[in-house]
Amino acid sequence: MAGAAWRSGGIRPVSRTAGPSRGRTPAKSRVRRSVAIAPPDHGIHVAPLQREHERIKWMRDTRRSDRVRVRRHTCDCKETIYELCHAGGLLFIRRTIREPGGPVAHETERLITVRMEDLWMRLILGQAR
């Protein structure tokens, strides 16, 4: 009966075999395995800027919040990185440009979630910059 359930897509029966005492593997059968580390998460890429686009007002990074959570971000392989940030119940976009003298950060104004997620989507689609 158990074999029929397994063939029809049911749960596969588990075979139980007697193993070493106290759940340990004998030293001879231990195999060292190299663990492959996954590459860092690749963010999304910003679409090319469209001819008709909204101009975003960028302000100097004020660091006015002591805790900022990054909700979404663009790929780190470009020299300009955008982050959708959440702080104090409001959202804003942080733009970081890598320059020879060090990174330069700018922020948008802080808006409620619905408005800022819309601006974020337009930025990603190349409809705003």
Side-chain angles (χ1 to χ4, degrees):
M1 184 75 175
W6 175 72
R7 281 193 286 288
S8 65
I11 299 172
R12 177 178 263 179
V14 178
S15 63
R16 300 189 186 267
T17 58
S21 62
R22 295 193 287 171
R24 294 188 181 169
T25 307
K28 288 181 182 177
S29 66
R30 287 188 191 138
V31 178
R32 293 207 169 215
R33 295 181 184 175
S34 62
V35 177
I37 299 173
D41 289 336
H42 222 261
I44 56 176
H45 286 220
V46 178
L49 190 60
Q50 295 182 5
R51 182 174 289 151
E52 300 281 328
H53 67 276
E54 175 186 350
R55 190 162 174 84
I56 297 175
K57 181 182 175 188
W58 295 101
M59 302 175 286
R60 277 189 295 172
D61 185 8
T62 60
R63 304 271 182 198
R64 75 179 201 187
S65 300
D66 58 343
R67 293 181 206 165
V68 174
R69 183 174 62 128
V70 176
R71 294 180 66 183
R72 293 184 189 98
H73 61 88
T74 61
C75 188
D76 198 22
C77 69
K78 304 290 183 183
E79 66 179 45
T80 301
I81 304 162
Y82 297 96
E83 299 170 313
L84 178 62
C85 301
H86 183 251
L90 298 172
L91 295 178
F92 64 96
I93 299 172
R94 180 185 299 141
R95 176 183 70 181
T96 305
I97 304 170
R98 293 187 201 138
E99 294 184 349
V104 177
H106 294 93
E107 297 177 348
T108 62
E109 62 181 323
R110 294 168 188 234
L111 297 172
I112 61 173
T113 302
V114 174
R115 288 187 180 166
M116 191 50 73
E117 284 182 343
D118 181 53
L119 181 60
W120 172 258
M121 188 56 65
R122 286 183 280 146
L123 183 135
I124 296 300
L125 296 174
Q127 299 170 356
R129 236 12 91 73

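We count residues from 1, following the sequence as given.
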- Item | Nearest-0.5 Å distance that lies between atom CG in L111 and atom CE in M116 | 4.0 Å

- Message: Please give me the minimum heavy-atom distance between G126 and H53, naming the atom from each residue.
- Response: O-CB, 4.0 Å

- How many angstroms lie between atom CD of Q50 and atom CG of L125, to the nearest 0.5 angstrom? 7.5 Å

- Query: What pairs with A87 under side-chain contact (heavy atoms from CB on, under 4.5 Å), at least two apart in sequence or on another chain?
  - Reply: S65, V68, F92, R110

- Taking atom CG of L123 and atom CG of D118, what is their separation to the nearest 0.5 Å? 11.5 Å

- Message: I'd like to know whether V46 forms a side-chain contact (heavy atoms from CB on, under 4.5 Å) with R129, so could you lay out the CA-CA distance, the side-chain angles of the two residues, the decisive distance to 0.1 Å, and finally the verdict.
- Response: CA-CA 10 Å; V46 178; R129 236 12 91 73; 2.6 Å; yes

- Item | Interatomic spacing from OG1 in T96 to CD in E79 - rounded to 0.5 Å | 12.5 Å

- Side-chain contact test, heavy atoms from C-beta onward, threshold under 4.5 Å: evaluate it for I81 versus R98 and give yes or no. yes

- Between atom SG of C85 and atom NE2 of H73, what is the distance when rounded to the nearest 0.5 Å? 11.0 Å

Please tabulate, for the side chains in residues 101-108, all donor-acceptor contacts under 3.5 angstrom to protein atoms that are two or more places apart in sequence or on a different chain.
| from | atom 1 | to | atom 2 | distance (Å) |
| --- | --- | --- | --- | --- |
| H106 | ND1 | R95 | NH2 | 3.4 |
| T108 | OG1 | I93 | N | 3.0 |

- I56 side, atom CD1; E109 side, atom CD - distance, nearest 0.5 Å: 10.5 Å

- Query: So, T80 side chain and I97 main chain: donor-acceptor pair closer than 3.5 Å or not?
  - Reply: no

- Could you tell me which non-hydrogen atom of W120 sits nearest to which non-hydrogen atom of Y82, and how far apart they are? CH2-O, 3.7 Å

- Charged N-O contact under 4.0 Å between R71 and E83: no

- Task: Tell me whether I44 is reachable from L49 by hopping between hydrophobic residues (I, L, V, M, F, W, Y) whose side-chain heavy atoms are closer than 4.5 Å.
- Result: no

